[in-house]
Amino acid sequence: MVEIKTDTALDAMREAGRVVAQALAAAREAAGVGVSLQELDEAARTVLTKAGARSPFLGYRPSFAPTPFPAVICTSVNDAIVHGIPTGYRLRDGDLVSVDCGAELDGWTGDAAITFIVGTPRPADLSLINATQQALDAGIAAATPGNRIGDISHAIGTIAEAARCGMPADFGGHGIGRRMHEDPHVPNRGRPGRGFPLRPGLALAIEPMLMAGGHDDYYAALDGWTLLTTDGSRTAHIEHTVAITEEGPRVLTLP
């Protein structure tokens, strides 16, 4: 069931989104050569605690997961696409890191992700991040009343195809509001003019995940959570929570 939010609800989601942005910024600031992924999680956790927010990630267990998720952020490094568990792994020079975070505040939820490079950047990684950001920007631009989910999907897919990047077909964005995952599903590929109609008050998490190798294939790691590219190619994942409004897309997870 799709819930259309009131302006008051969207304002509350904006506050949750602000906490998400702050937690992501803290994780990014903490990152550096020799820093563990668990330390990034601790930095984000501190932000959530100070804000009085709950993590929708911590303890989350969807049907595919063998265990509840043990952290407040996902940390996906290099060939990990999404859902990476923060471990004792210490970051190395040149690592490509995606961090995904959510926050629930006063009953409303925000969800966003960033990708960045630790230390010395590879030109190919910079291009991959840029293409992923462009795909997100295109998806957000299509999130207007009168369009449909397929318009968002097509906009994202067009950028990914032009960049010769793959994307995991089974994963994409989603509705969001009182819970982190709500209807409708937002695929990262689609046909324009198809799918659920976009109406003011609809809130969506839009999240392109680009795989540099150009293939869509992936597999799950032994932890049952982390998704990895089958060809070992590197990945980027960037996400915002966005509200459809009469005035245009409203990004709710900005600082």
Side-chain angles (χ1 to χ4, degrees), residues 3-32 35-62 65 67-77 82-88 91 97-116 118 133 136 140 143 173-182 186 201-207 209 225 236-245 249-255:
E3 180 183 9
I4 300 301
K5 281 76 177 177
T6 64
D7 289 345
T8 299
L10 292 180
D11 287 343
M13 289 183 67
R14 174 70 181 102
E15 294 310 308
R18 203 184 308 276
V19 174
V20 172
Q22 292 168 352
L24 288 172
R28 183 169 189 166
E29 184 176 352
V35 176
S36 74
L37 299 179
Q38 289 172 335
E39 289 176 272
L40 305 192
D41 185 70
E42 290 165 6
R45 194 181 298 245
T46 296
V47 171
L48 296 181
T49 300
K50 287 183 177 180
R54 187 189 75 85
S55 169
F57 287 21
L58 184 62
Y60 180 59
R61 188 178 183 182
T67 58
F69 196 77
V72 304
I73 59 173
C74 298
T75 51
S76 305
V77 181
V82 287
H83 303 161
I85 296 174
T87 64
L91 294 167
V97 183
S98 296
V99 179
D100 193 353
C101 182
E104 181 184 304
L105 184 67
D106 297 329
W108 296 97
T109 308
D111 186 12
I114 58 174
T115 297
F116 57 88
V118 175
Q133 184 64 59
L136 176 60
I140 292 173
H174 48 88
I176 185 170
R178 300 178 192 273
R179 292 176 292 110
M180 179 169 59
H181 290 138
E182 298 182 351
V186 185
L202 179 64
L204 303 171
I206 301 175
E207 50 178 322
M209 310 156 197
W225 276 99
H237 172 212
I238 309 179
E239 174 186 16
H240 270 308
T241 296
V242 180
I244 315 300
T245 78
R250 181 186 180 190
V251 180
L252 302 177
T253 41
L254 293 172

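- Within a 6.0 Å sphere centred on CG of D7, other residues, nucleotides and ligands contribute 12 heavy atoms or fewer.
- Nearest heavy-atom pair, I140 versus P249, reported as atom, atom and distance to 0.1 Å: O-CG, 3.0 Å.
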Run I4 and L202 through side-chain contact (heavy atoms from CB on, under 4.5 Å) and show every step you take. CA-CA 5 Å; I4 300 301; L202 179 64; 4.1 Å; yes
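- Shown here for C101 and A23, the closest heavy-atom pair between the two residues is SG-CB, 3.8 Å.
- The structure places CZ of R178 at 8.0 Å from NZ of K5, a figure rounded to the nearest 0.5 Å.
- D111 has its side chain within reach of H174: a pair of non-hydrogen atoms, C-beta onward, lies under 4.5 Å apart.
- A heavy-atom distance below 4.5 Å is found between the side chains of M13 and I176.
- The closest side-chain heavy-atom distance from V118 to V97 is below 4.5 Å.
- Nearest approach of V19 to A103, heavy atoms of both residues: CG1-CB, 4.0 Å.
- Annotation for I73 and A44: closest pair CG2-CB, 3.6 Å, computed over non-hydrogen atoms.
- A perpendicular orientation is assigned to the rings of F57 and F69, their planes being inclined by more than 60° (bins at 30° and 60°).
- Using a 4.5 Å cut-off on side-chain heavy atoms (C-beta onward), L40 and L91 make contact.
- In this structure, S55 and A71 approach most closely via the heavy-atom pair OG-O, 4.3 Å.
- In this structure the side chain of D100 reaches within 4.5 angstrom of the side chain of E239, judged on heavy atoms.
- The distance from atom CD of E104 to atom CG of L48, rounded to the nearest 0.5 Å, is 11.0 Å.
- To the nearest 0.5 angstrom, M180 atom CE is 10.5 Å from T241 atom OG1.
- Here the closest non-hydrogen pair linking R54 and P56 is O-CD, 3.4 Å.
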Determine, stepwise, if the pair R250 / L10 fulfils side-chain contact (heavy atoms from CB on, under 4.5 Å). CA-CA 9 Å; R250 181 186 180 190; L10 292 180; 3.8 Å; yes
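- In this structure, the side chains of P70 and I85 come closer than 4.5 Å at one or more pairs of heavy atoms.
- In this structure, OH in Y60 is found 5.0 Å from NE2 in H181, a value given to the nearest 0.5 Å.
- Atom-to-atom distance recorded for I238:CD1 and T115:OG1 is 5.0 Å, nearest 0.5 angstrom.
- Note that the CD1 atom of I114 and the CZ atom of R28 stand 5.5 Å from one another [nearest 0.5 Å].
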Yes or no on side-chain contact (heavy atoms from CB on, under 4.5 Å) for T109 and E182, after CA distance, side-chain angles and deciding distance? CA-CA 11 Å; T109 308; E182 298 182 351; over 6 Å; no
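- Side-chain N or O atoms of R61 include one that pairs as donor or acceptor with a backbone N or O of A65 at under 3.5 Å.
- Between L254 and H240 the shortest side-chain heavy-atom distance falls below 4.5 Å.
- The closest side-chain heavy-atom distance from W225 to T67 is below 4.5 Å.
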Go through it in stages, so that I can follow the logic: the residues are E15 and R18, the test is salt bridge (Lys or Arg N to Asp or Glu O under 4.0 Å), and I'd like the CA-CA distance, side-chain angles, deciding distance and then a yes or no. CA-CA 5 Å; E15 294 310 308; R18 203 184 308 276; 3.1 Å; yes
